[in-house]
2 protein chains.
Amino acid sequence: MERTMEEVCEDTCTGSELAADDWNGTRIDEQTAIDLAELFKALGDPTRMKLIYALLDRELCVHDLCVILNMTQSAVSHQLRYLRNVRIVKRRKTGKTVYYSLDDTHVKEIVLLTIQHLAHG
Amino acid sequence: MERTMEEVCEDTCTGSELAADDWNGTRIDEQTAIDLAELFKALGDPTRMKLIYALLDRELCVHDLCVILNMTQSAVSHQLRYLRNVRIVKRRKTGKTVYYSLDDTHVKEIVLLTIQHLAHG
DNA sequence: ATTAAATATGAATACTTGTTCATATAATAT
DNA sequence: ATATTATATGAACAAGTATTCATATTTAAT
C-alpha cells in the first residue's frame, strides 16, 4: 500500500497531541495483528463458539458434539478441522471414535473473560 | 434444524461418559453464542485489530488512524463504523475532527490477555 | 469378506465481508 | 457564498466462508 492522505494533511492536522514520529507503541506488528485476528476469527462464529463452549470442561466425541449442536456430522467435522488447524482444539482417537478437547487453557480463559464482559454489558 | 444423526446412534454410541440428558452446561444459550461470536468476529480482522491496538491507551482522530494503518480514509472509516456498531469504540466530535476511543476497558483486557497467550504460544 | 458405525473430506453453492470509488455531509475559514 | 478540510456513506466488486451433498476412510463386528 502507499500513502493515502494528502501530504498537506500532515502539516495541518491538529488532531493528535502526539508528534508524527511518536507513534511507537500504537502501531502493532503486522504479523501479530494477523495472528491475533486469526485467533479471534476462529472464535467469531456461533457454531465454533458452541463447539468451544461444549469443550470448555470435558472432551467429547464428534457424535456427541453433533447432538449437542443439533447439526450434521459433516458441518461439525468441517468446523472441528478449522479449530484444529488454528490449534484451538486437539484430537484423541480411540477405536472408531475421535475425542476432541481444547488444546490448552488459553482459549478457555479468553472465552470466560468475554462472557463476564457480556454479562456486565 | 432437525435431528441429524440416526436414532440408533444414540443407543450404540459409547463415546460419551455422560447420559444423553445430562448435557446441561455444555450447551450454550443460542443468543449468547451469537453475541460472543459477534464480538470475536469484530476482533477477527487485521485492520480492525490494528485500529483497536492503536486505541488501547489513547483516543485518536480518523486521520491519525489512517496514517498509523497506512490505509485510505474510506476503508478506515468503514471499519470504525463497524467497531462502533458493536460498541467496541465510541466517538467524540470537536469541530471538524472526530476522535475515536475504546468504549470500555473490556476489549482492552481481552486483547492484552490474548497477546500474552500468543507470546507463550 | 461383508456390513455397519464413526469420522473426514472435496466440490458446489449461497452468503458474507473488506476494500475501492465516487460522492455526500459537516465544520471552518476566507 | 465559496472553498477547503475532516469524516461518512452507498454501490459495486473480489475474495472469503459455512453449510450441504456425496463419497471416502478407518475401525470394529459378524
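- With hydrogens and angles disregarded, a donor-acceptor distance shorter than 3.5 Å links the side chain of B/Thr72 to the backbone of B/Ala75.
- Nearest to the side chain of A/Gln79, among D/dT19, D/dT7, C/dT20, sits D/dT19.
- Rounded to an integer number of Å, the gap from CG of B/Leu60 to P of D/dA6 is 15 Å.
- Separating the CZ atom in B/Arg27 from the NZ atom in A/Lys50 is a distance of 10.0 Å, to the nearest 0.5 Å.
- Here C/dT7 presents its C1' atom at 12 Å from CG of A/Leu65, a figure rounded to the nearest Å.
- In this structure, CG of A/Asp64 is placed 16 Å from P of C/dA5, rounded to the nearest angstrom.
- Inter-residue side-chain proximity for B/Thr26 and A/Tyr53 is flagged as unmet; no heavy-atom pair is nearer than 4.5 Å.
- Dashed line: the shortest gap from a side-chain N or O of A/Thr72 to OP1 or OP2 of D/dT20 is under 4.0 Å.
- For A/His63, taking side-chain heavy atoms from C-beta onward, the closest of the listed nucleotides D/dT19, C/dT7, C/dT9 is C/dT7.
- Between B/Leu83 atom CG and C/dG18 atom P there is a gap of 10 Å when expressed in whole angstrom units.
- The side-chain tip of A/Arg48 points at the ring of A/Tyr82 from less than 6.0 angstrom away and within 45° of straight on.
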**Request:** If a protein heavy atom is under 4.0 Å from the base, mark B; if only from the sugar-phosphate, S; if neither, -; do that for nucleotides 24-30 of chain C going 5' to 3'.
**Result:** --SBS--
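- B/Ser74 contributes no side-chain N or O that forms a donor-acceptor pair with the base of C/dT19 under 3.5 Å.
- Minimum atom distance to the side chain of B/Ala75 is reached by C/dT19, of the listed C/dT19, D/dT9, C/dA8.
- Residues B/Ile88 and B/Ala42 approach most closely at CD1-CB, 3.6 Å, considering heavy atoms.
- For the OP1/OP2 pair of D/dT19 and a distance below 4.0 Å, the side-chain nitrogens and oxygens of A/Arg81 include no atom meeting the criterion.
- Closest to the side chain of A/Tyr82, from the set C/dA6, D/dT9, D/dA18, is D/dA18.
- For the pair B/Asn85 CG and C/dT17 C1', the interatomic distance rounds to 14 Å; values are reported in whole Å.
- Using a distance-only test at 3.5 Å, with no hydrogens or angles considered, a donor-acceptor pair links the side chain of B/Thr114 to the main chain of B/Ile110.
- A straight line from OH of A/Tyr99 to P of C/dA8 spans 13 Å, rounded to a whole angstrom.
- Residue B/Glu59 contributes atom CD, which lies 17 Å from atom P of D/dA6 at whole-angstrom precision.
- Side chain B/Gln73 to base D/dA8: a donor-acceptor pair is found below 3.5 Å.
- Of the residues in residues 36-51 of chain A, those with a non-hydrogen atom less than 4.0 angstrom from any atom of DNA chain D are A/Lys41, A/Asp45, A/Thr47, A/Arg48.
- Among the heavy atoms of the strands, none lies under 4.0 Å from B/Arg84.
- Evaluation of A/His78 against the base of C/dT9 yields a stacking contact (centre distance < 5.5 Å, interplanar angle < 30°).
- Minimum heavy-atom separation, B/Leu43 to B/Met49: O-SD, 3.6 Å.
- Interatomic distance, B/Ile52 CD1 to B/Lys108 NZ, rounded to the nearest 0.5 Å: 13.0 Å.
- Using a cut-off of 4.0 Å between Lys/Arg side-chain N and Asp/Glu carboxylate O, A/Arg87 and A/Asp104 are scored as not salt-bridged.
- A cation-pi arrangement is absent between B/Arg84 and B/Tyr100, since the terminal nitrogen or guanidinium carbon is not both under 6.0 Å from the aromatic centre and inside a 45° cone about the axis.
- The phosphate of C/dT7 (OP1 or OP2) has no side-chain N or O of A/Arg91 nearer than 4.0 angstrom.
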